[in-house]
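See structure below.
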Amino acid sequence: MYGIDMHNFKTLISCQRNLDFHPEVPWSDLLPLYCFEDELLCGFHAKDKTHHETHEATVIEFKNHNLPQCLKVLHPYLSFPEISRLTERISLRFPNHTHPESKEWVQQLWRLYGYQPREDLLILATKITALPFAVQQWLTQKKLAPQDLAPLRAVNDLNILNDYWEILLSLNPSKSEGTKGIELLVELILMGHSKETLNTHTTTTQSWLSFLQSLRYPLSTQQDLHAESKIRTLHWPAKSEARWVRRGDRSGVELKLFFSNPEELKINLVRLEKISRDVDGNNTLAELWSKN
Amino acid sequence: MVEKLISSIDSVYIHQQAKDAAVTSRILSLFPSSKIQWVEEDSSLTHHEGSLSAHTYSQSKRKLYITPFKGQFFKRCPGASQRKALTCCNYHVLNLGLQCNMNCSYCYLQSYLKTPVMTIYSNIDDAIKELQDMSLDHGQKNLRVGTGEVIDSLSLDPLTLYSRPLIDFFSRQKHWSLEFKTKSCHVDQFLDCDHRGNVIVSWSINPQEVIEHEEHGTASLEERLNAAEKSVRKGFPIAFHLDPMIYHENWKTNYEKLIQTLSLRFRNANVQGISVGTLRFQPEQRHIMRERFGMQSWVTQAEVFPSESGKLRYDSHLRTTMFKFAIDKFKEHSPWPVSICMETPETWIATYEKYPTQIQELKPLFQPYRL
């Protein structure tokens, strides 16, 4: 398919580098360079080589293929930030008014890489390119998908997040933790929380997320803490562990009980029955199951 | 009223196949020709790759599309298909269009619609024929039908006048009832119709504070209540849906005031029922809501969590508290039966200490049956 008769040859000096989208995977020096028309498609940093060599270097020009197909061959996988940058480069290099086909190229390119060229995602892509490059790299590294970044669609100016990227990058959370953290941050900022409120000295991702969660869900957090403290006042059976936990929209007591013989079980059940009576007869405890 | 609707719509697209429909004649007589465009293929107009963006979704409310519907107009309420997770009443829906011209922040259509236009189905005659056929087999059953699932029943009715042939059809049904569910105040267009008392005009209501904050472009509470009073005067039974109840700082005061107002103003009216529901929405809907309404909305700010049915809901204890509060206040002030909409068995038990089928007044609504 890609035989010699399908290609032309050019020199590197005759090529442009407008499509340099900073791919994460570096182009190997062992591989030839490729171009589409006069645009280099890979090895964008080739000029860093010896000046003389580079200018003389031969570049293979794709013939009889369109731009998206060529890019897909050269860069088999692109993360969302990468395709966002590439889309931006294509739009700048081949603007609609001079290249009406470029819109179709972008759509085809996105489909080739498994991204749906939906209007909302194309808008998101333009926002992603405005993020600091280190953040884009982190998004790529953690393989965050467009749906993970949906909260960013609500932010007109992503610069408002600049104060918080440092925390994110330093904690280096997992994909799911990072996704959650970004959503919480976006919501809290849009709710009007200030930098002073949101900045916290934390060393673990878990404590950072808990901190943001407590700001975003203040009533539930307060109720859960209150319930937890009440639960601790009850006389639970020996060798048991009781705690207030949230499971989705429901919260309640999770009890772990250990017994090694039927007698211990009986004793434990008596203790639990007493707790049940205490809860019934104590309004404060009963209110744990009824919130305002 | 009609003028306001006309000015809220930028473009009207009419499918060639709808050219002979009565609604088309009416639309052509109401709208300036500059707003009308005839289309032969609906794919370019209605096709949209994936979900709508916030902008396209908002714009869809300003583009009206008149076209025949080729599918089935009549179906069961979606709640009935989630019987494992939800306890739902027996309700059927008749869809005569798609999308709504109002803008409630919590509207579930935001996660549901994929077409960038507001659609009115031109073949109301086919819908009525479908009902007619159904009535031959099931006319003896107590069937409740609503037209407000994916479109407000009455907000565009001054343009379509679909209420009139529907009221006419139901006037010949002994056992069926029809519900127009709305957040508008548009009732004048059908109040002169003869009916047999089985067409219920119902309002989704909330305190004015919630309406102003979350139900953009809808009628005010006072306008809705005035429309309800007009309907009562013409003998139409009415119903109210406190749904979704939305938690906010003064929720108790505001909901109590609303319940008192309803009880006082409609004490002697034929109120068929009250339903209450709390805020709920599909998880993916939070993104478009955030984009369209920001984070100062009581809906986007809500502390909601994944529930068993998959939707995000308030904490179950808070839901029970809200339901109990509303039900107690209704009990204090009115004789009306109150049911809970789209809720889990656990919430029914926590609120009523019973399943709905164990509550005498609600039993007929929840008794399962098949068509």
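So you know, we letter chains A, B, ... as the sequences are listed, proteins then strands, and number each from 1.
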Taking NZ in A:K274 as the centre, count heavy atoms belonging to other residues, nucleotides or ligands within less than 6.0 Å. Is the count above 12? no
Given B:L318 and A:Q223, is the side chain to side chain contact (heavy atoms under 4.5 Å, CB included) satisfied, shown in steps? CA-CA 10 Å; B:L318 176 59; A:Q223 294 282 358; over 6 Å; no
Which residues, numbered in order, of residues 105-117 of chain A come under 4.5 angstrom of chain B by heavy-atom distance? A:R111, A:Q116, A:P117
Interface moiety of B:A54 toward chain A, non-hydrogen atoms closer than 4.5 Å: neither
Could you tell me whether A:K103 atom NZ has more than 12 heavy atoms of other residues or ligands within 6.0 Å of it? no
In terms of heavy-atom proximity below 4.5 Å to chain A, should B:F325 be classed as side chain, backbone, both, or neither? neither
May I ask you to list the residues in residues 205-217 of chain B that approach chain A closer than 4.5 angstrom, counting heavy atoms only, ordered by number? none
Find out whether B:M295 and A:H193 are in side-chain contact, i.e. whether some heavy atom of one side chain is under 4.5 Å from a heavy atom of the other. no
Take A:T221 and B:E303 through the side chain to side chain contact (heavy atoms under 4.5 Å, CB included) test and state the conclusion after the steps. CA-CA 10 Å; A:T221 305; B:E303 297 189 25; 5.8 Å; no
Does a side-chain N-to-carboxylate-O contact under 4.0 Å join A:D249 and B:K311? no
For residues A:S220 and B:F305, determine if any side-chain heavy atom of one lies less than 4.5 Å from a side-chain heavy atom of the other. yes
Please determine whether the number of non-hydrogen atoms from other residues, nucleotides or ligands lying under 6.0 Å from atom CD of A:Q222 exceeds 12. no
Tell me whether A:R232 at atom CZ has more than 12 heavy atoms from other residues, nucleotides or ligands lying less than 6.0 Å away. no
I'd like to know whether CD of B:E284 has more than 12 heavy-atom contacts from other residues, nucleotides or ligands below 6.0 angstrom. yes
Looking only at non-hydrogen atoms, find the nearest pair between A:R246 and B:D315 and report the distance. NH2-OD1, 2.7 Å
Does any part of the side chain of B:H287, heavy atoms only, come nearer than 4.5 Å to the side chain of A:D120, both counted from C-beta? no
Between B:R290 and A:E183, is there a salt bridge with N-O shorter than 4.0 Å? yes
Mind checking the CE-OG spacing from A:M191 to B:S297? Nearest 0.5 Å is all I need. 10.5 Å
Contacting moiety of B:R286, where chain A heavy atoms sit under 4.5 Å: side chain
Taking all heavy atoms of B:H317 and all of A:S251, pick out the closest pair and write down the distance. NE2-O, 2.9 Å
